[in-house]
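Step one of this worksheet: look at the structure below.
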Amino acid sequence: MSLFPGNILVIDDQFNLCYKDEPQDVAQKVQRSNFLRLKSLFDNHGYFFSAITDTSDLGSLLQKMKHYQNVRLLVLDLDLDESGEVEEGDIAMVKAIILNAIKCFGYFFLAINSSYAEKWDDIKKEWIAELEEDRVKNHKELNFLNNYAVSFNKEIETIQEDLLKILSDKFSHELITQFECSLNKARDIALSPFMDVRTKTWDKFYNILKEDLDSKEHINLTLNSLLLGLLRQHVISSNYTPPPPPVEGEEVNHDLNKSIIKGFNFLYNTSGILESHPIWTGNIYEIPNEEKIKYLLVITPECDIAQVKGEGFTVLECIEFNEKTYPSNYVPKDYKDKEAPYLINKAGLNGSKEWKSMRDIKDFYAKNPGFYMLYYAGLADEHVVVNLRSVKTLQQIQFAKMKLILRVNEPIITDIMDRFSGIYNRKGLPRLTDKKFNFLERLGFGSAESVAEAVKKK
């Protein structure tokens, strides 16, 4: 399987040397040999690559980069103005190119390929120091520079092996790149049998869906779900090399850990992806000017929404854990003679008629079957608790006054709906046996004491 899951982009004003006869100039000979090694690596492994050699105008270069998609390796020179030195203008261009690539390509590996590669360490060090001044704002750029950037001198002859190694030296690299490779392979295998240019089979299939579904958006969502289901079947056998067991005290990036939880659980509206979609199962909306019941979660089944069944949309109330609903400095005795914050009040008193302790309140929401925790789902990354017993119906016009925040992903939304169904469909039964009743006695095994004795003898 290919180690590179996408395309390779080379930005070097001298790359065309690999298509010319060997030059007399010693420096150009070194460059040409380097480019030939790179091109041989790409050609022999089937890696699709493109090269931008006109670096005379930065604005034009950045605009050209936007035309490339699925770039997973950027090979970048440091001397971009043919001066034979890495000057301030080159450094400014390199930074602009990298920032533009981060914005355009999502995730990728950067390979600085330069006769002055040793200067990259100084450039990166100074750049990181600048970005550290606002670490929160620049966290993505810092993560990239610290983990996805390497440098090679054009004189080394092992650049092929070194480039291949960077994709497999960390489990996270392998996981992401090899999953995408599996996805690319699945596309080739799964979708080719469904191409049809001679008949109207797919047209008929679309119109069958149209008979039951309300709008073009609903049909598109359904088609995409079906096609993604095909791909899923073909990546199910993908395997990854297991990482070594974690070591006590080993560093973990907590921001990345939070991003993983949020990314797998929710699709945020800040990306703009949800803007054009209709009201859909799993959508969470912010209620304007509300501090307690701050969000509503749509749990109407997708099929009912698509077929316009029922009158309105079923929603569950969601409460955010913030300083007003649950203060971080909460102490039960502080609220002995005054009203407790909302989430504390809702958890109720303990057996001694006192407000519950912080641990009891945590268990009340985390372990109580009537609630469902959504971590980092709030606007300020606060945790949100879904009240499975607080359900109501809203009309479509009422959503126009609310703001769409995110959509809860599968399988979380299905789990919430199953829990909700369990709450409302369960039948409570009275207990007819004593709490100390031993079912083994009933089966003829004798008393609890004799059973215990028999177990000891065995």
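Start at 1 with the first residue, then count along the sequence.
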Evaluate the side-chain proximity of Ile279 to Tyr285: yes if any heavy-atom separation is below 4.5 Å, no if none is.
-> yes
Search all heavy atoms of Tyr372 against all heavy atoms of Arg419 and return the closest pair with its distance.
-> CD1-NH1, 3.6 Å
Smallest separation among heavy atoms of His383 and Tyr375, with atom names = ND1-CA, 3.4 Å
Any side-chain donor-acceptor pair under 3.5 Å between Glu323 and Ser328?
-> yes
Check side-chain hydrogen bond (donor to acceptor under 3.5 Å, both in side chains) between Lys64 and all other residues, then give those that pass, not counting sequence neighbours.
-> none
How close do Tyr206 and Ile219 get, heavy atom to heavy atom, and via which atoms?
-> CE1-CG2, 3.4 Å
Can you tell me if Asn138 uses its side chain to pair, donor with acceptor, with the backbone of Glu141 under 3.5 Å?
-> no
Sorted by chain and residue number, the side-chain hydrogen bond (donor to acceptor under 3.5 Å, both in side chains) partners of Ser225 (sequence neighbours excluded) come out as none
Which of parallel (below 30°), tilted (30 to 60°) and perpendicular (above 60°) describes Tyr148 and Phe144?
-> parallel
Carboxylate-amine/guanidinium contact Lys154 Asp12, below 4.0 Å = yes
Looking only at heavy atoms, which two atoms of Leu404 and Asn269 are closest? And how far apart?
-> O-ND2, 3.2 Å
Do Phe364 and Phe371 have their ring centres less than 6.0 Å from each other?
-> yes
Test salt bridge (charged side-chain N to carboxylate O under 4.0 Å, His left out), reference Glu317, set Lys346, Arg389, Lys392, output is Lys392
Reported CG-to-NZ distance for the pair Leu131 and Lys140, which is rounded to 0.5 angstrom = 13.5 Å
